[in-house]
Engineer: 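Can you read through this structure? Questions will come right after.
By convention in this document, chain letters (A, B, ...) are assigned in the order of the sequence lines, proteins followed by strands, and residues within each chain are numbered from 1.
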2 protein chains.
Amino acid sequence: MDKGSPEAAWREDCAPRRVLELFATKWTSMVLHTLHARHQGAARTGLLQRSLPGISKKMLTQTLRDMEASGLISRHVDSVVPPAVTYRLTPLGTRCVEPVELLYGWGRANADALDALQPRPSARRR
Amino acid sequence: MDKGSPEAAWREDCAPRRVLELFATKWTSMVLHTLHARHQGAARTGLLQRSLPGISKKMLTQTLRDMEASGLISRHVDSVVPPAVTYRLTPLGTRCVEPVELLYGWGRANADALDALQPRPSARRR
DNA sequence: CAGGATCCTCCACGATACTG
DNA sequence: CAGTATCGTGGAGGATCCTG
């Protein structure tokens with residue numbers, strides 16, 4: 001592990017940085033939060049989609065795929081006839097939930113302050 | 001689109017959700033981390049850019065603007081002749097650092113597991 | 001029900017050049 | 001040094017149809 005860079009900051013491919021980039025997606029953190037806070041760490045695809053207003057089936061699947069590849073969740077195919085797929089938080093993912101929940105809680109705690117400041121998240125001047 | 005579903009989950013415009021979307025950007029979390037962990041909560045523009053390999057001047061400014069609008073940081077113009085602008089974490093921003101640092105720490109702690117799982121962050125197969 | 005395959009839109013992001 | 005303006009691009013993200 002070469003950490004000798006004086007001022008060179010963290011390399012672009014270091015693990016923490018890749019983690020932060022993992023969450024630089026629209027749905028990753030919200031899927032994680034929903035899975036944990038609303039479904040005790042396990043839920044089927046349809047339920048997840050219903051729990052995430054606005055997400056498209058494509059993005060749900062894609063996000064779940066990425067999270068699975070990152071070891072945050074695991075995929076379980078229960079049945080066969082009408083496919084019943086359940087996603088569960090892995091131990092790794094469960095440990096990762098804590099920071100996200102803190103961020104979420106921070107948002108709730110400061111909702112008023114945030115509402116007062118931000119007129120609209122997407123309303124950027126043109 | 002029918003709104004007001006009974007189990008419609010969290011509304012799309014609730015504060016926590018907007019917070020998570022705030023961090024669904026490439027640089028927000030990294031600017032926050034850098035500002036806190038490497039510069040004790042205050043740094044000038046140039047230093048920030050040098051601390052964030054790969055960021056463009058445009059994105060730096062834009063990210064800083066958004067963070068300022070969200071109350072995470074404050075902007076201080078020190079001099080006049082050669083502009084010397086310093087950005088500082090606000091109390092709000094400082095409290096927000098904790099979750100991000102946890103996420104960052106989680107990445108460091110599980111770097112090996114993450115490296116083993118993820119072949120390449122940008123190499124998405126379809 | 002889960003999710004692949006397609007097509008398309010739009011904006012996040014980057015490179016460059018310019019101002020004060 | 002800090003910031004803006006402009007332009008171009010990739011790819012995230014959405015809608016729709018189709019499969020087992």
Side-chain angles (χ1 to χ4, degrees), chain A residues 12 17-18 20-31 35 39 42-70 73-88 120-126, chain B residues 1-2 12 17-18 20-31 35 39 42-70 73-88 120-126:
Chain A
E12 301 198 19
R17 184 151 172 174
R18 275 190 288 118
L20 294 186
E21 284 180 358
L22 210 181
F23 286 89
T25 343
K26 186 172 182 179
W27 298 106
T28 304
S29 51
M30 294 199 279
V31 167
L35 207 47
H39 304 299
R44 291 181 51 180
T45 315
L47 179 57
L48 273 178
Q49 183 164 16
R50 267 174 277 124
S51 303
L52 292 164
I55 198 173
S56 66
K57 220 160 36 168
K58 175 191 169 186
M59 285 317 295
L60 213 214
T61 305
Q62 185 174 310
T63 303
L64 290 171
R65 286 282 175 280
D66 289 348
M67 293 173 67
E68 187 191 5
S70 304
I73 59 176
S74 56
R75 186 170 177 272
H76 303 271
V77 182
D78 292 335
S79 167
V80 178
V81 186
V85 181
T86 301
Y87 292 93
R88 294 183 209 276
R120 279 283 164 160
S122 55
R124 212 163 274 160
R125 72 188 132 101
R126 327 215 148 192
Chain B
M1 323 306 186
D2 60 310
E12 302 197 18
R17 184 149 171 177
R18 275 190 288 117
L20 295 186
E21 284 180 357
L22 209 180
F23 286 89
T25 335
K26 185 171 183 180
W27 298 106
T28 304
S29 51
M30 292 199 280
V31 167
L35 206 46
H39 304 299
R44 291 180 51 177
T45 315
L47 180 58
L48 273 178
Q49 183 164 16
R50 266 174 278 124
S51 303
L52 292 164
I55 197 173
S56 64
K57 215 158 37 165
K58 175 191 169 184
M59 285 316 295
L60 213 213
T61 306
Q62 185 174 312
T63 303
L64 290 171
R65 288 281 176 281
D66 289 349
M67 294 174 69
E68 187 190 6
S70 304
I73 59 176
S74 56
R75 186 171 176 270
H76 303 271
V77 181
D78 292 336
S79 168
V80 178
V81 186
V85 181
T86 302
Y87 293 93
R88 294 182 208 278
R120 285 288 164 171
S122 55
R124 199 167 284 161
R125 290 280 149 204
R126 38 162 279 115

Engineer: Does dG4(C) have OP1 or OP2 sitting under 4.0 Å from an N or O in the side chain of T61(A)?
Structural biologist: no
Engineer: So for the helix from dC1(C)-dG20(D) to dG20(C)-dC1(D), with five pairs setting each end axis, what is the inter-axis angle to 10°?
Structural biologist: 40°
Engineer: Is there a side-chain contact between R75(B) and the phosphate of dG3(D), meaning an N or O under 4.0 Å from OP1 or OP2?
Structural biologist: yes
Engineer: Between M30(A) (CE) and dG13(D) (C1'), how many Å, whole number?
Structural biologist: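 About 12 Å, once rounded to whole Å.
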Engineer: If I take atom CG in residue D66(A) and atom P in nucleotide dG3(C), what distance separates them, rounded to the nearest angstrom?
Structural biologist: 14 Å
Engineer: If you measure from CG on L48(A) to CE on M30(A), what distance do you get to the nearest 0.5 Å?
Structural biologist: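 Interatomic distance, L48(A) CG to M30(A) CE, rounded to 0.5 Å: 12.5 Å.
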Engineer: From CD of E21(A) over to C1' of dA12(D), roughly how many Å is that when rounded to an integer?
Structural biologist: 14 Å
Engineer: Given atom CD of Q49(A) and atom P of dG3(C), what is their separation to the nearest angstrom?
Structural biologist: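 The distance from CD of Q49(A) to P of dG3(C) comes to 11 Å, rounded to the nearest Å.
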Engineer: Give, for atom NZ of K26(B) and atom CG of L52(B), the distance between the pair rounded to the nearest 0.5 Å.
Structural biologist: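 Here the rounded value is 11.0 Å.
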Engineer: To the nearest 0.5 Å, how far apart are OH in Y87(A) and CD1 in I73(A)?
Structural biologist: 6.5 Å
Engineer: For K58(A), check side chain to side chain contact (heavy atoms under 4.5 Å, CB included) against everything at least two apart and list the hits.
Structural biologist: S56(A), Q62(A)
Engineer: Starting at CG of L60(A) and ending at P of dG13(D), how long is that distance when rounded to a whole Å?
Structural biologist: 13 Å
Engineer: Name all residues meeting the side chain to side chain contact (heavy atoms under 4.5 Å, CB included) criterion together with V77(A); count only those two or more places apart in sequence or in a different chain, and write none if there are none.
Structural biologist: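 Side chain to side chain contact (heavy atoms under 4.5 Å, CB included) list for V77(A), sorted by chain: R75(A), V85(A).
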Engineer: Using the side-chain hydrogen bond (donor to acceptor under 3.5 Å, both in side chains) criterion, which residues pair with T86(A)? Sequence neighbours excluded.
Structural biologist: D78(A)
Engineer: Please tell me which of the listed nucleotides, dC1(C), dA2(D), dG4(C), lies nearest to the side chain of R44(A)?
Structural biologist: dC1(C)
Engineer: H76(B) NE2 to dA2(D) P: how many Å, rounded?
Structural biologist: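 Rounded to the whole Å, the gap is 15 Å.
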Engineer: Measuring from atom CZ of R50(B) to atom CD1 of I55(B), what distance do you get when rounded to the nearest 0.5 angstrom?
Structural biologist: 13.5 Å
Engineer: Does a nitrogen or oxygen in the side chain of R65(A) sit under 4.0 Å from OP1 or OP2 of dG4(C)?
Structural biologist: yes
Engineer: Measure the distance from CZ on F23(B) to C1' on dA12(C) and round it to the nearest whole Å.
Structural biologist: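 Between C1' of dA12(C) and CZ of F23(B): 17 Å.
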Engineer: Between the protein and nucleotides 13-20 of chain C, list the N/O to N/O atom pairs that are separated by less than 3.5 angstrom.
Structural biologist:
residue	atom	partner	partner atom	Å
dC13(C)	OP1	K26(B)	N	2.8
dC13(C)	N4	K58(B)	NZ	3.0
dG14(C)	OP1	K26(B)	NZ	3.0
dG14(C)	OP2	W27(B)	NE1	3.3
dG14(C)	O6	K58(B)	NZ	2.3

Engineer: What residues, two or more places apart in sequence or in another chain, satisfy side chain to side chain contact (heavy atoms under 4.5 Å, CB included) together with T28(A)?
Structural biologist: L22(A), F23(A), T25(A), T63(A), M67(A)
